[in-house]
Amino acid sequence: MIADNLTLDEVAEKISTVADLVQYMHQKEYGKTDIDDADLSFNWGNYKWSVNRHAESTFKNNDGNCGGGSNLVNYILRGDYDEQGFVQQAANTGGHIYNYFKDNGVYYFMDLGQIVHSGDYSHSGY
């Protein structure tokens, strides 16, 4: 699928499981691009603000912060599980966000950034 240079919607149509998505993102070398910032950032006043990329921007740049990656996962796998959404851990520095899925009455949690960036698939929760 990587060589086919598919659009985001074509990828979403072909991928319907977390396992397939993780494999695809690993093969695509997600998060290893050379963009200046995985967030969308801007200066306002004395502060630098950062916001999550939406799924399309994350896919196009092949990179994103935890929120951008979570947006991408939700977009690609929308409708493929009984339930899916986001888990947010708030902190003074912004926190962290990742995905959850419910399949056959069981909840699973997945952090795309941790899995793909580290290459450690043993802690995915799925």
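Under the side-chain contact (heavy atoms from CB on, under 4.5 Å) criterion, S16 pairs with D80, sequence neighbours left out. Taking D82 as the reference, nothing meets the side chain to side chain donor-acceptor pair (under 3.5 Å) condition, with sequence neighbours excluded. For E56, the side chain to side chain donor-acceptor pair (under 3.5 Å) partners are H54, not counting sequence neighbours. Residues satisfying the side-chain contact (heavy atoms from CB on, under 4.5 Å) test with E10, not counting sequence neighbours, are L6, T7. Evaluation of the side chain to side chain donor-acceptor pair (under 3.5 Å) rule for Y24 yields no partner, not counting sequence neighbours. Under the side chain to side chain donor-acceptor pair (under 3.5 Å) criterion, Y98 pairs with no residue at all, not counting sequence neighbours.
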Could you walk me through whether N62 and K28 pass the side-chain contact (heavy atoms from CB on, under 4.5 Å) check? CA-CA 8 Å; N62 200 36; K28 194 175 179 202; 3.4 Å; yes
Run the side-chain contact (heavy atoms from CB on, under 4.5 Å) check on H96 and D111 step by step: do they pass? CA-CA 10 Å; H96 188 61; D111 187 334; 2.5 Å; yes
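Neither I97 nor Y30 shares a network with the other; the hydrophobic side chains, linked directly or stepwise wherever heavy atoms of I, L, V, M, F, W or Y lie under 4.5 Å apart, form separate groups for each. Hydrophobic clustering of Ile, Leu, Val, Met, Phe, Trp and Tyr side chains at less than 4.5 Å, counting indirect connections, unites L21 with M1.
A donor-acceptor pair is defined here as one N or O able to donate and one able to accept, closer than 3.5 Å; such a pair exists between the side chain of Y81 and the backbone of V18. Listed for the N99 side chain is no donor-acceptor partner under 3.5 Å among the backbone atoms of V87. With hydrogens and angles ignored, the 3.5 Å screen pairs no side-chain donor or acceptor of N61 with any backbone N or O of D63.
Note: Y107 OH to Y100 OH = 6.0 Å, rounded to the nearest 0.5 Å. Considering CG of L8 and CD of E13, their distance stands at 11.5 Å, rounded to 0.5 Å. Note that CD1 of I76 and CG of L112 are 8.5 Å apart. Values are rounded to the nearest 0.5 Å. Note that CZ of R53 and CG of L72 are 12.0 Å apart. Values are rounded to the nearest 0.5 Å. Note that the CG atom of D20 and the CD1 atom of I15 stand 6.5 Å from one another [nearest 0.5 Å].
Within a 6.0 Å sphere centred on OH of Y47, heavy atoms belonging to other residues, nucleotides or ligands number 12 at most.
Between E83 and F101, the closest side-chain pair of non-hydrogen atoms is not below 4.5 Å. Looking at N71 and F86, their side chains come closer than 4.5 Å, going by heavy atoms from C-beta outward.
Counted by atom type alone, N74 and Q84 present one or more donor-acceptor pairs between their side chains at under 3.5 Å. Side-chain polar atoms of Y75 and D9 form a donor-acceptor pair below 3.5 angstrom.
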